[in-house]
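Following: one structure in structure tokens, then a few remarks.
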Amino acid sequence: MLSNRESARRSRRRKQEHLSELETQLGVDNSPLLKRLTDINQKFNEAAVDNRILKADAETLRTK
């Protein structure tokens, strides 16, 4: 009975270590993706501002 408990304890520890390694690797893998997402969001916001300006300019030209 004691060795079964010890085996289960080791198994849980190995599982936790493996999970920690996977989480670390996921963080490393996601880092460039997060940077890319941030850059793309910034470009989108800039394009949206430019679009609003152009729409306003077009409306001004229509009314003249």
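Note that these values count all heavy atoms, side chains included, but never hydrogens, waters or copies made by symmetry.
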Task: Residue from Q16, H18, R10 passing side-chain contact (heavy atoms from CB on, under 4.5 Å) with R14 - done: R10
Quick one: pull up [atom1] in [X] and [atom2] in [Y] and give me the separation to the nearest 0.5 Å.
| X | Y | atom1 | atom2 | answer |
| --- | --- | --- | --- | --- |
| N4 | S11 | CG | OG | 10.5 Å |
| L19 | T24 | CG | OG1 | 9.5 Å |
| L61 | L54 | CG | CG | 10.5 Å |
| N30 | L37 | CG | CG | 10.5 Å |

Task: Minimum side-chain heavy-atom gap I53-V49 below 4.5 Å - done: yes
Could [X] and [Y] be called an ion pair, given the rule that one side-chain N must be under 4.0 Å from one carboxylate O?
| X | Y | result |
| --- | --- | --- |
| D39 | K35 | yes |
| E59 | R62 | yes |
| E6 | R9 | yes |

Checking [X] side chain against [Y] main chain: does a donor-acceptor pair fall under 3.5 Å?
| X | Y | answer |
| --- | --- | --- |
| T63 | T60 | yes |
| N51 | A47 | no |
| S7 | S3 | no |

